[in-house]
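Order of the sequence lines sets the chain letters (A, B, ...), proteins ahead of strands, with each chain counted from 1. Only a predicted model underlies this, so the values are computations on that prediction, with no experimental measurement involved.
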2 protein chains.
Amino acid sequence: MPNDALNLGLLLFIPYRAMEDRVFDELAAAGYDDITRAQGRIFQRIAPGGSRLTDLARQSSVTKQTAGFLVDQLEAAGYVTRIPDPSDGRARLVVVAPRGAAAVARSAGVVAEVEREWTAHLGAERTAVLRELLTDLRAATDPYA
Amino acid sequence: MPNDALNLGLLLFIPYRAMEDRVFDELAAAGYDDITRAQGRIFQRIAPGGSRLTDLARQSSVTKQTAGFLVDQLEAAGYVTRIPDPSDGRARLVVVAPRGAAAVARSAGVVAEVEREWTAHLGAERTAVLRELLTDLRAATDPYA
DNA sequence: CCGACTCGTCAGAGAATCTGACCATTAAGT
DNA sequence: ACTTAATGGTCAGATTCTCTGACGAGTCGG
């Protein structure tokens, strides 16, 4: 790399990608080798009680067609199910299925491990500050929060 | 979104994606509408004196085939050129062409604007801390720095 | 009950990514 | 030097991801 002072976009991307790599590598090693990054980016946005396709699409910055395509695959692989939305006859809710919940548990372990490594590097206090800053920044960059 | 406490991976992704969206939207509006995100992610890694394809691939976390495919398009669109690497007969260096330099200048303006917005939200001091933390974290997550 | 909007799907095309195989050049070991 | 291993890059093929455009079904405000 040339400069030491990279733009904030790239500085955000580097650790994001590192985290994603770790999670998917270990997920694949644990037998969840039929989930892709694109599917995972949708999947991780599913709210506890289920989410509408349109919401998943908006939050993930993809079209609803793309989100639908990915949810189809997640459903076929047993990670999610679709149920009717009781509050709106047009909509359905994407909910996490048992296999999906198991994958969530597994990936949560990996995330925790990576966060521990980062904490070892940055220190506990600075890691907490980083999290707080990013959470704050989210308010300015995620209109669908 | 369900929880308030998201994992750090997603917290990094949200502003990263917001930055990328802004840069590409404004680049397209300024006439640079023939560059894609994937191409841009490769392009932004080119070092001042030029970079080898293999390095660009590693740093961007894609295969060298993918990097080659994207550099082909950047070259066809006039953003980069390939020159022989004087220090290694097998290699070539990808260097930024005039049109690429113009796009860099334009995107730098957008990045600066977005960073100003973020600074307005977080405050100058906390933004500086964020940059410092991310730069530090890079050492633990970017083996090719 | 009518027009406007939202939810989601279908169809088709283009872009991005990977694996595997391969050649050319360089580096290392004897 | 000569052989072997490693590195830089390309070719070929397949799969995955993503978008635009068009559309049917359901909801909502007047």
Side-chain angles (χ1 to χ4, degrees), chain A residues 13 17 20-21 24-25 27-28 32-47 50-77 79-95 144, chain B residues 13 17 20-21 24-25 27-28 32-47 50-77 79-95 144:
Chain A
F13 177 76
R17 181 72 197 224
E20 196 179 66
D21 285 349
F24 279 91
D25 285 354
L27 233 35
Y32 301 100
D33 56 351
D34 55 348
I35 192 170
T36 66
R37 283 152 200 271
Q39 290 164 23
R41 287 195 277 264
I42 296 288
F43 182 81
Q44 77 178 330
R45 297 288 198 149
I46 299 173
S51 293
R52 292 187 189 177
L53 191 60
T54 306
D55 290 333
L56 294 177
R58 271 196 303 233
Q59 289 165 2
S60 308
S61 301
V62 299
T63 61
K64 54 189 180 177
Q65 291 92 325
T66 296
F69 172 80
L70 295 168
V71 168
D72 284 347
Q73 294 172 279
L74 286 168
E75 190 170 31
Y79 289 103
V80 305
T81 315
R82 286 195 247 219
I83 61 175
D85 184 337
S87 72
D88 191 328
R90 294 167 297 182
R92 286 194 288 169
L93 292 176
V94 179
V95 299
Y144 310 112
Chain B
F13 177 76
R17 182 71 195 225
E20 197 180 65
D21 285 349
F24 279 90
D25 284 354
L27 232 34
Y32 301 101
D33 55 351
D34 56 347
I35 191 170
T36 66
R37 283 154 201 270
Q39 289 165 22
R41 287 195 277 265
I42 295 288
F43 181 81
Q44 78 178 331
R45 297 288 199 149
I46 299 172
S51 294
R52 292 183 188 179
L53 190 60
T54 306
D55 290 333
L56 294 177
R58 273 195 303 234
Q59 289 165 3
S60 308
S61 302
V62 298
T63 60
K64 55 190 180 176
Q65 291 91 324
T66 297
F69 172 80
L70 294 167
V71 168
D72 284 348
Q73 294 171 276
L74 286 167
E75 190 170 31
Y79 290 103
V80 305
T81 314
R82 286 195 247 220
I83 61 174
D85 184 337
S87 72
D88 190 330
R90 294 166 298 182
R92 288 193 286 169
L93 292 177
V94 179
V95 299
Y144 311 112

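Toward the 5' end of DNA chain D, the nearer of the two residues A/Lys64 and A/Ser61, judged by each one's closest nucleotide, is A/Ser61. In terms of position on DNA chain C, the residue among B/Val62 and A/Leu93 whose nearest nucleotide sits closer to the 5' end is A/Leu93.
Residues A/Leu53 and A/Lys64 share a closest heavy-atom pair of CD2-O, 4.0 Å. Of all the heavy atoms in B/Ser60 and B/Ile42, the pair that sits closest is OG-CD1, 3.6 Å. Annotation for B/Thr36 and B/Phe24: closest pair O-CE2, 3.2 Å, computed over non-hydrogen atoms. Between B/Ser51 and B/Leu56 the shortest heavy-atom distance is CB-CD2, 3.7 Å.
Distance, A/Phe69 CZ to C/dA13 P: 16 Å, rounded to whole Å. Spacing between atom CG of A/Asp72 and atom P of C/dC10 amounts to 8 Å, rounded to whole angstrom units. Following rounding to the nearest Å, B/Leu74 (CG) and C/dA16 (C1') show an atom-to-atom distance of 13 Å. Counting to the nearest Å, the P atom of D/dT18 and the CG atom of A/Leu70 are 6 Å from each other. Put simply, CZ on B/Arg37 is 17 Å from P on D/dC17, counting in whole angstrom units. Rounded to an integer number of Å, the gap from CG of A/Asp55 to C1' of C/dT6 is 11 Å. C/dT6 atom C1' lies 12 Å from atom CG of A/Asp85, rounded to whole Å. Between the C1' atom of C/dA16 and the CZ atom of B/Arg41 lies a distance of 9 Å, rounded to the nearest Å.
Picking from C/dT17, C/dT9, D/dC19 the nucleotide with the shortest atom distance to the side chain of A/Leu53 gives C/dT9. Taking every side-chain heavy atom of A/Ala91 into account, C/dG8 is the closest of C/dT17, D/dC17, C/dG8.
Within 3.5 Å, a donor on the side chain of B/Gln65 pairs with an acceptor on the base of C/dG20, or the reverse.
Taking 4.5 Å as the limit, some side-chain heavy atom of B/Gln73 sits within range of a side-chain heavy atom of B/Phe69. A heavy-atom distance below 4.5 Å is not found between the side chains of B/Arg41 and B/Val62.
Within the 4.0 Å cut-off from OP1 or OP2 of D/dG9, not a single side-chain nitrogen or oxygen of B/Arg58 is found. Regarding contacts with the backbone of D/dT10, a side-chain N or O of B/Arg92 is found under 4.0 angstrom from either OP1 or OP2. The side chain of A/Thr63 places no N or O atom within less than 4.0 Å of a non-bridging phosphate oxygen (OP1 or OP2) of D/dT18. Dashed line: the shortest gap from a side-chain N or O of A/Thr54 to OP1 or OP2 of C/dG8 is under 4.0 Å. Taking only side-chain nitrogens and oxygens, B/Gln73 comes nearer than 4.0 Å to OP1 or OP2 of C/dA16.
Note on ring orientation: taking the six-membered ring where Trp is involved, the planes of B/Tyr79 and B/Tyr32 are tilted (angle from 30° to 60°).
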Show the distances under 3.5 angstrom between N or O atoms of the protein and N or O atoms of nucleotides 26-30 of chain D.
{"from": "D/dG26", "atom 1": "O3'", "to": "A/Arg90", "atom 2": "N", "distance (Å)": "3.4"}
{"from": "D/dG26", "atom 1": "N2", "to": "A/Arg90", "atom 2": "NH1", "distance (Å)": "2.8"}
{"from": "D/dT27", "atom 1": "OP1", "to": "A/Gly89", "atom 2": "N", "distance (Å)": "2.6"}

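With values rounded to the nearest 0.5 angstrom, A/Gln59 atom CD is found 12.0 Å from A/Arg52 atom CZ.
Among the protein residues, A/Thr66 comes within range of the nucleic acid bases, having at least one heavy atom under 4.0 Å from a base atom.
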